[in-house]
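Hydrogens, waters and symmetry mates play no part in the numbers below; they use all other heavy atoms, side chains included. Lettering follows sequence order; numbering is per chain, from 1.
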Amino acid sequence: MSRWLTDLNQQQRQAVETVEGPLLVLAGAGSGKTRVITHRIAHLLELGVAGESILAMTFTNKAANEMRERLASMVGSRANPVTLSTFHSLGLLMLREEARRSRRRQPFTIFDTGDQLGVLREITRQRRLEQGYDLGAILTRISNWKNSFMAPGETPPSDDPYDLAAAELFGRYAELMHAYRAVDFDDLICEPTRMLERDEGCRRRWAERFRYVLVDEYQDTNPAQLRLLFSIAGEHRNLAVVGDDDQSIYGWRGADVRNILRFEQDFPQAKVIYLMRNYRSVGTVLDAANRVIAQNTERHPKRLQASRGAGPRVRLTITSDGELEAAHVARTIREMVDTGRRRYADIAVLYRSNILARDLETEMRTSRIPYRMVGGTSYYDRKEVKDLVAYLKLAANPRDELSLRRVINNPPRGIGPKTVEQLTAWAEEHGVGLYEALDHAEEIIGPGERRALAVRSFKELMERTTRRMSQRSDLPAATEELVSELNLQEELRRSSESDKVLQRRWGFVIQFQQSVERFCERSDKPTLREYLTQLALLDMATERPEEAPDNQVTLCTLHGSKGLEFPVVFLIGLEEGLLPHDRTLNPQATDAVIGDIAEERRLCYVGMTRAMDELLLSRAKARRVRGRLQERTPSRFLEAIPAESLDVDDQTLTASADDVSSMMDDLRSKLGW
DNA sequence: CCTACTCTCATTTTT
DNA sequence: TGAGAGTAGG
């Protein structure tokens with residue numbers, strides 16, 4: 001017997017052993033899912049399957065890396081030939097290889113959401129379309145159409161103004177993306193799929209290459225991803241998917257729970273295995289979570305089974321407002337840590353909406369509780385970093401007009417909107433790109449004019465930069481030269497009002513340069529193109545200057561908590577309008593996808609099942625909403641938890657001596673006494 | 001080109 | 001309430 005079958009429970013073992021044919025593994029929270037996946041791959045290798053023919057797909061790079069590490073620790077270098085990648089990286093790999101095969105041009109630049117919005121902004125500006133549309137709402141619609149393989153002009157009839165606006169922009173969007181030689185995230189899935197569906201020989205090649213396909217978090221796949229999977233695995237049917245419909249929380253991003261609900265119809269005779277033994281949480285937590293999720297109707301019926309003891313009862317604390325709720329959380333954490341029961345790192349505070357993090361942060365600071373927020377604004381969203389990235393993108397792809405427009409007068413060099421307009425008009429007239437028009441500055445603007453000289457010197461700067469960066473030479477050195485040629489440090493000094501701000505901003509520049517260096521050290525192909533690809537595709541978290549995993553409390557959204565676990569979990573803001581969120585209860589005109597209560601309930605379930613030992617729920621009777629104090633009603637999800645398994649602590653009823661004294665303590669610490 | 005003001009808007013965010 | 005975007009005027 002393969003050694004990867006021992007120390008698994010019966011269902012886990014079955015999931016590992018079922019090697020041929022379609023397989024659906026419904027892996028409940030904390031049921032040892034990652035273990036099953038890694039063991040399954042190890043087992044396949046053990047059976048003599050070539051690593052090259054195994055494809056394991058995840059959604060995040062973090063998950064992919066984690067899996068690779070675990071697998072490597074099991075089978076060592078035999079893990080190397082296995083393709084372990086995200087959907088998007090696989091898509092890019094396919095596009096590249098096929099382009100190479102047919103000697104076609106490879107995709108140049110990957111546009112992230114910010115870039116996509118930039119394209120839309122550009123179009124509305126050009127067309128002088130009515131302002132005031134929420135471009136994000138338009139982009140969502142375009143993205144949904146793309147994921148249903150609709151071309152511009154094929155969009156379904158609608159009288160929704162946003163549908164109409166989006167349909168109007170869709171065509172131009174596609175044209176511009178093409179002109180810029182750019183692809184977006186949707187293209188990375190849809191284009192390879194089209195390729196496979198169009199060309200049977202091509203499809204066969206990929207199907208034969210990946211004889212064994214494994215998909216993690218299957219509940220998060222969208223229709224396009226399903227079609228891609230079908231093209232690869234539809235024939236040999238060696239497709240194992242792992243997921244949990246109860247943890248599908250990305251419907252609003254286009255994920256379709258129905259994929260996992262009807263897997264058995266999509267792949268007839270699929271074997272279905274339930275992993276329901278939970279190794280994470282105590283009985284009380286599981287019981288409460290089970291009750292909540294049981295209220296959903298469209299799901300694979302199942303129930304997590306406890307394998308640990310009962311544990312303390314779930315607690316619900318009621319405070320009179322949001323600030324007091326945050327104060328209560330801080331005070332409880334303080335107590336847990338001071339009595340030595342817990343370390344900060346054992347504790348997480350989860351919330352539906354980032355807005356709740358604000359009061360928490362204030363409280364954490366005054367109570368001197370070290371914390372880290374997962375998610376939040378990325379370091380790569382910093383203006384300083386984005387500007388530099390735009391220079392690199394332009395160097396890699398002169399047709400990337402978006403980047404060109406971003407950097408052409410940044411830092412200011414006397415090329416204002418008027419000049420750019422003139423250049424654009426000339427470029428259009430002569431049917432060339434904007435970048436080429438730069439060469440004709442004198443002709444366009446007038447010989448000897450200062451603006452023309454500015455354009456020329458910008459062009460020369462770009463050519464030097466491109467030369468240094470593109471010949472696979474020393475990328476970090478080229479970046480450094482760019483920074484110095486731009487006189488960035490001086491520029492920042494000039495535009496920063498305080499020294500502190502300057503230090504911070506310059507710090508971002510330094511960090512960026514370091515990230516380039518690190519990439520070049522690690523990569524076996526340290527080219528500019530590769531670096532930019534990684535930047536777009538790779539989880540920024542892995543690139544982010546790593547903060548030491550200190551002993552800190554974790555603050556994060558419910559979405560951000562998926563896949564994590566903590567001994568102690570606070571789940572706050574259990575109120576109607578927050579969880580379920582108001583946006584789900586009262587959809588807006590701009591919403592392309594109307595969220596449903598079922599997904600909100602799953603969100604609640606995901607949060608609850610993060611807790612190993614203690615689950616502490618809370619709600620406030622009133623909360624400041626946009627400056628106004630508003631009465632709040634308890635979340636409907638609380639009703640599912642039977643009163644007898646809940647310890648309710650209503651702090652608005654009893655201001656006991658204890659509470660008063662702790663409030664005094666609180667006050668004292670705030671005043672610094 | 002920069003700054004200071006006004007206006008607007010307010011979920012979640014794996015790639 | 002408060003952050004970020006947009007705009008007018010110096």
Side-chain angles (χ1 to χ4, degrees), chain A residues 57-65 85-92 110-116 121 131-132 134-136 139-140 143 147 183-189 216-217 219-222 224-225 247-255 322 350-359 374-378 381 383 409-418 491 494-495 497 533-542 556-563 573 577-588 590-591 593-595 599-600 602-603 606-607 623-630:
Chain A
M57 300 232 254
T58 60
F59 275 84
T60 66
N61 293 290
K62 193 167 157 239
N65 292 337
S85 104
T86 64
F87 271 96
H88 294 88
S89 305
L90 176 76
L92 182 66
I110 298 164
F111 272 14
D112 64 20
T113 315
D115 299 323
Q116 293 178 283
R121 202 171 302 126
Q131 303 288 301
D134 175 352
L135 293 181
L139 185 57
T140 311
S143 171
N147 280 305
V183 292
D184 59 30
F185 290 135
D186 301 324
D187 294 326
L188 289 177
I189 309 295
D216 188 18
E217 306 280 17
Q219 76 282 356
D220 291 335
T221 51
N222 69 22
Q225 286 158 340
Q247 295 186 68
S248 161
I249 55 175
Y250 284 102
W252 52 277
R253 269 178 131 270
L350 312 182
Y351 37 82
R352 170 72 232 261
S353 158
N354 278 315
I355 192 103
L356 291 188
R358 207 180 276 174
D359 285 343
V374 316
T377 335
S378 160
D381 282 341
K383 182 184 173 298
N409 199 32
N410 186 354
R413 50 171 73 88
I415 310 177
K418 185 97 179 286
E491 198 51 47
R494 202 178 47 74
S495 59
E497 46 277 2
T533 302
Q534 296 235 4
L535 216 52
L537 237 40
L538 230 68
D539 192 359
M540 296 312 182
T542 52
C556 83
T557 62
L558 288 169
H559 284 92
S561 75
K562 195 164 103 176
L578 223 38
L579 187 65
H581 197 276
D582 183 52
R583 199 68 183 262
T584 307
L585 302 168
N586 307 302
Q588 307 261 301
T590 52
D591 291 346
V593 183
I594 295 173
E599 184 156 313
E600 296 288 306
R602 293 192 290 261
L603 213 37
V606 166
R623 198 177 286 276
R624 207 165 280 284
V625 179
R626 283 168 223 177
R628 300 177 59 83
L629 202 63
Q630 193 188 70

Exercise for the section: Report the nucleotide, chosen from B:dC1, B:dT13, B:dT15, that has the shortest atom-to-atom distance to any side-chain atom of A:Asn61. Expected result: B:dT15
Exercise for the section: For C:dA5 and B:dT12, measure between their P atoms and round to the nearest Å. Expected result: 16 Å
Handout entry: Heavy-atom donor-acceptor pair, A:Arg626 side-chain to C:dT1 base, under 3.5 Å
Key = no
Completion exercise
Closest of B:dT15, B:dT13, C:dG2 to the A:Thr60 side chain is B:dT15
Practice task
Specify whether A:His559 and A:Trp252 have parallel, tilted or perpendicular ring planes, treating 30° as the upper limit for parallel and 60° as the lower limit for perpendicular.
Solution key: perpendicular
Practice task
Using atom CZ of A:Arg583 as one end and atom P of B:dT11 as the other, report the distance to the nearest whole Å.
Solution key: 7 Å
Problem - Closest listed nucleotide, where the reference is the side chain of A:Arg352 and the choices are B:dT11, B:dC1, B:dT14 - result: B:dT11
Handout entry: A:Cys556 and A:Leu350, any side-chain heavy atoms less than 4.5 Å apart
Key = yes
Exercise for the section: Flag the pair A:Asp359 and A:Arg623 as a salt bridge only when some basic side-chain nitrogen lies within less than 4.0 angstrom of an acidic carboxylate oxygen. Expected result: no
Exercise for the section: Have a look at A:Thr113 and say if it touches a base, only the backbone sugar-phosphate, or nothing, with a 4.0 Å heavy-atom cut-off. Expected result: base
Practice task
Provide, to the nearest angstrom, the distance between the CG atom belonging to A:Asp115 and the P atom belonging to B:dT15.
Solution key: 16 Å
Exercise for the section: Output yes when a side-chain donor or acceptor of A:Arg602 lies under 3.5 Å from a complementary backbone atom of A:Ser248, and no otherwise. Expected result: yes
Exercise for the section: For C:dG4 and B:dT13, measure between their P atoms and round to the nearest Å. Expected result: 16 Å
Handout entry: side-chain N/O A:Asn354 vs B:dT13 OP1/OP2, d < 4.0 Å
Key = yes
Problem - A:Thr557 side chain near B:dT11 phosphate (N/O to OP1/OP2, under 4.0 Å) - result: no
Practice task
Decide side-chain hydrogen bond (donor to acceptor under 3.5 Å, both in side chains) for A:Asn65 and A:Asn61; before the verdict, give the C-alpha distance in whole Å, the side-chain angles of both, and the deciding distance to 0.1 Å.
Solution key: CA-CA 6 Å; A:Asn65 292 337; A:Asn61 293 290; 5.9 Å; no
Practice task
Quickly work out the A:Gln247 CD to B:dT12 P distance and round it to whole Å.
Solution key: 20 Å
Handout entry: Parallel, tilted or perpendicular: rings of A:Phe87 and A:Phe59 (30°, 60°)
Key = tilted
Practice task
Check the geometry between A:Phe59 and B:dT15 and answer yes if their rings are stacked (centres below 5.5 Å, planes below 30°), otherwise no.
Solution key: no
Exercise for the section: Side chain of A:Asp220 only, please: which of B:dT14, B:dT12, B:dT15 is the nearest? Expected result: B:dT14
Practice task
Check the distance between B:dT14's P and A:Asp112's CG and give it to me in whole angstrom.
Solution key: 12 Å
Completion exercise
Considering only heavy side-chain atoms of A:Pro412, the closest of B:dT14, B:dC1, B:dT11 is B:dC1
Practice task
Output yes when at least one side-chain N/O atom of A:Asn409 is less than 4.0 Å from OP1 or OP2 of B:dC1, else no.
Solution key: yes
Exercise for the section: Check whether the aromatic ring of A:His581 stacks on the base of B:dT11, taking stacking as ring centres less than 5.5 Å apart and planes within 30° of each other. Expected result: yes
Practice task
Provide, to the nearest angstrom, the distance between the CG atom belonging to A:Asn65 and the C1' atom belonging to B:dT15.
Solution key: 14 Å
Practice task
Figure out the CG/C1' separation between A:Leu135 and C:dG6, and round it to whole Å.
Solution key: 14 Å
Completion exercise
Against the side chain of A:Arg358, the closest entry in B:dT14, B:dC1, C:dA3 is C:dA3
Completion exercise
Sorted by position of nearest nucleotide on DNA chain B, 5' first, the leading residue of A:Ser89 and A:Ile249 is A:Ile249
Completion exercise
When rounded to whole Å, the CG to P distance for the pair A:Leu350 and B:dT11 reads 19 Å
Completion exercise
Per nearest nucleotide of DNA chain B, the residue lying toward the 5' end, A:Phe185 or A:Gly416, is A:Gly416
Practice task
Figure out the OH/P separation between A:Tyr250 and B:dT11, and round it to whole Å.
Solution key: 17 Å
Problem - Donor/acceptor link under 3.5 angstrom from A:Arg624 side chain onto base of C:dT1 - result: no
